[in-house]
Asks: 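Quick one: the structure is below, and I'll ask about it shortly.
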Amino acid sequence: MRVFDPHIHMTSRTTDDYRAMYDAGVRALVEPAFWLGQPRTNIGSFTDYFDGLIGWEPFRAARFGIRHHCTLALNPKEANDPRCVPVLEVLPRYLERDGVVAVGEVGYDSMTPEEDTAFAAQLQLAIEHDLPVLVHTPHRDKAAGTRRSLDVVRESGIPPGRVLIDHLNEVTVGMVAESGCWMGFSIYPDTKMDEDRMVAVLRAYGTERKLVNSAADWGNSDPLKTVKTGRAMLAAGFEESDVDAVLWRNPVEFYGQSGRLELSDLDSEPGATFEGNSVLRGARKEP
Amino acid sequence: MTPESLRGQLSGAAERWLAGALARVETDPAAIRTLFPAAGRACGRDPLPEPPGWTVDDAVRVLLLAALPLTGEPLSAEAADLYRYGGPAEKRAVLRGLALLPIGDAGLPLVRDALRTNDTRLISAALGPYAATHLDPPAWRHGVLKCVFTGIPLSEIDGLDRRLDAELVRMLRSFAEERAAAGRDVPADVYHLVPDLREL
């Protein structure tokens with residue numbers, strides 16, 4: 001099973017996770033920019049984070065045989081903080097950097113006017129920089145938030161095929177399926193979706209335009225939920241090719257629209273360093 | 001290295017992209033902020049015949065920088081931001097382009113920043129013709145010593161013949177003595193600069 005995790009916050013994860021992901025078949029991933037738990041209070045906090053998502057974290061992933069890409073944006077929660085909003089002025093520089101495969105996560109948290117403004121502005125940036133968009137749907141009042149997100153996407157003029165609406169469930173999948181946007185599902189240990197519910201959604205709606213992610217971060221989450229969903233699909237009678245569509249071909253097709261996915265074979269360079277620092281701290285066996 | 005010699009080595013496709021980019025930068029200098037990071041994807045990253053170690057994207061970025069219709073503080077500030085918001089490739093290009101910019105000493109903070117890193121790509125680019133002319137002797141000597149430390153060939157340092165002085169020779173000899181005391185190798189090119197070192 002080859003796996004592309006289209007949404008995982010590796011900055012919050014350990015090298016043990018990278019090793020376990022590689023061993024389970026994960027070969028590529030996308031890390032969206034999001035909030036950090038601790039609120040940011042200035043622009044430098046964003047730019048250092050963006051630099052890490054383009055620089056250090058791909059290097060770290062490569063040391064474990066995994067190709068790392070990212071999406072960049074002002075996230076919905078911090079779009080409400082006037083100290084954070086000016087990051088939109090430097091974002092265009094970053095959206096032209098190699099390894100950036102979409103604008104995201106954008107969307108709604110509490111559906112405020114400030115979130116409306118940041119969401120619409122960043123959809124325009126996606127059009128200007130010829131990038132797809134990753135849209136986060138809110139944890140609270142999710143159905144209304146998803147409907148409103150689809151309206152904002154439609155008004156922006158971006159083609160729905162370049163938009164991925166994430167964190168969907170049984171209640172919200174139908175309206176996104178009709179919209180023509182791609183559908184993302186975050187499989188969590190306790191909240192959001194689980195593997196068996198995901199299998200039921202795939203039975204009902206098919207594998208087309210569906211992406212499954214672990215959304216693993218600094219909270220209770222599991223970076224192997226993609227693989228576990230693949231196994232649940234096989235146990236429920238799906239074919240290997242269905243699993244490959246959901247866990248590899250669909251994310252490759254969606255993010256491939258950026259023209260910046262780099263999935264050529266990873267050549268491991270045991271002696272490589274990032275700006276003079278290595279990750280491995282001594283010799284190790286190749287994966 | 002001149003803009004003409006760099007441009008003459010570009011392929012047709014890179015030249016076409018560059019021509020469009022230069023036209024944009026000439027009327028809207030801020031356009032360089034998004035063109036600069038895109039140059040590698042647009043024009044490629046193959047090595048150039050000249051200067052040694054330069055790539056196509058280096059040349060394209062340096063040409064964009066040299067074409068900015070700005071002078072003085074606005075020019076040095078634009079270069080500093082391209083460096084700040086760039087990855088190693090963009091940073092290296094800014095360092096390599098400094099010698100073509102009429103900014104006096106205003107590029108030195110970028111040179112000093114690069115010399116503080118442990119990234120050999122940036123350290124060697126920092127010790128180009130701009131540093132050879134503008135960097136003060138103590139910082140320049142320490143830059144050279146850092147090259148020896150990080151395995152950068154001394155042949156990559158601009159102006160070494162001209163700026164080598166007794167103090168730098170003393171520092172290199174001291175480095176070599178420490179290495180010898182630890183039973184470790186001394187890079188061969190250090191021997192050429194420190195006349196009596198073979199007695200160690």
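We name chains A, B, ... by the order of the sequence lines, and we start the count at 1 in each one.
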Asks: Using side-chain heavy atoms (C-beta onward) and a distance below 4.5 Å, is H129(A) in contact with T34(B)?
Replies: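 When only atoms from C-beta onward are counted, T34(B) and H129(A) do touch, with a gap below 4.5 Å.
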
Asks: Are there over 12 heavy-atom neighbours, none belonging to D28(B), within less than 6.0 Å of that residue's CG?
Replies: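 Yes, because the 6.0 Å sphere around CG of D28(B) holds more than 12 heavy atoms from other groups.
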
Asks: With D136(B), which residues qualify under salt bridge (charged side-chain N to carboxylate O under 4.0 Å, His left out), at least two apart?
Replies: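 Checked D136(B) against salt bridge (charged side-chain N to carboxylate O under 4.0 Å, His left out); matches are R112(B).
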
Asks: Which residues from residues 69-90 of chain A are near chain B, with near meaning under 4.5 Å between non-hydrogen atoms?
Replies: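 When heavy atoms of chain B are the reference, residues 69-90 of chain A contributes V90(A) within the under-4.5 Å range.
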
Asks: I need the contact set between residues 37-55 of chain A and chain B: heavy-atom distance under 4.5 Å, sorted by residue number.
Replies: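 Listed by number, the contacting residues are T47(A), D48(A), D51(A).
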
Asks: Would you say R24(B) has more than 12 foreign heavy atoms packed within less than 6.0 Å of its CZ?
Replies: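 Counting neighbours around CZ of R24(B), 12 or fewer heavy atoms of other residues, nucleotides or ligands fall under 6.0 Å, so no.
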
Asks: What are the two closest heavy atoms between R97(A) and P37(B), and how far apart are they?
Replies: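 Heavy atoms of R97(A) and P37(B) come nearest at CD-CB, 3.6 Å.
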
Asks: Flag the one option from L122(B), D81(B), T150(B) with the top tally of heavy-atom pairs under 4.5 Å to chain A.
Replies: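 Most heavy-atom pairs under 4.5 Å with chain A: D81(B).
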
Asks: Could you tell me which residues satisfy side chain to side chain contact (heavy atoms under 4.5 Å, CB included) with S258(A), sequence neighbours excluded, listed by chain and number?
Replies: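 Partners of S258(A) by the side chain to side chain contact (heavy atoms under 4.5 Å, CB included) criterion, ordered by chain and then number, come out as V101(A), L131(A), P132(A), R260(A).
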
Asks: Measure L82(B) against the heavy atoms of chain A and call it side chain, backbone, both or neither at under 4.5 Å.
Replies: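 Both parts, backbone and side chain.
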
Asks: Roughly how far, to the nearest 0.5 Å, is the CG atom of D98(A) from the CD atom of E90(B)?
Replies: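 Between atom CD of E90(B) and atom CG of D98(A) there are 7.0 Å.
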
Asks: Can you give me the closest heavy-atom contact between R84(B) and Y94(A), atom names plus distance?
Replies: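 Nearest pair, atom of R84(B) first, then Y94(A): NH1-OH, 3.6 Å.
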
Asks: How many angstroms lie between CZ in R93(A) and CD1 in I32(B), if you round to the nearest 0.5 Å?
Replies: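 Going from CZ on R93(A) over to CD1 on I32(B), the span is 9.5 Å.
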
Asks: Flag the pair E96(A) / R41(B) as yes when at least one side-chain heavy-atom distance between them is below 4.5 Å, and no otherwise.
Replies: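 Counting from C-beta outward, E96(A) and R41(B) do come under 4.5 Å.
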
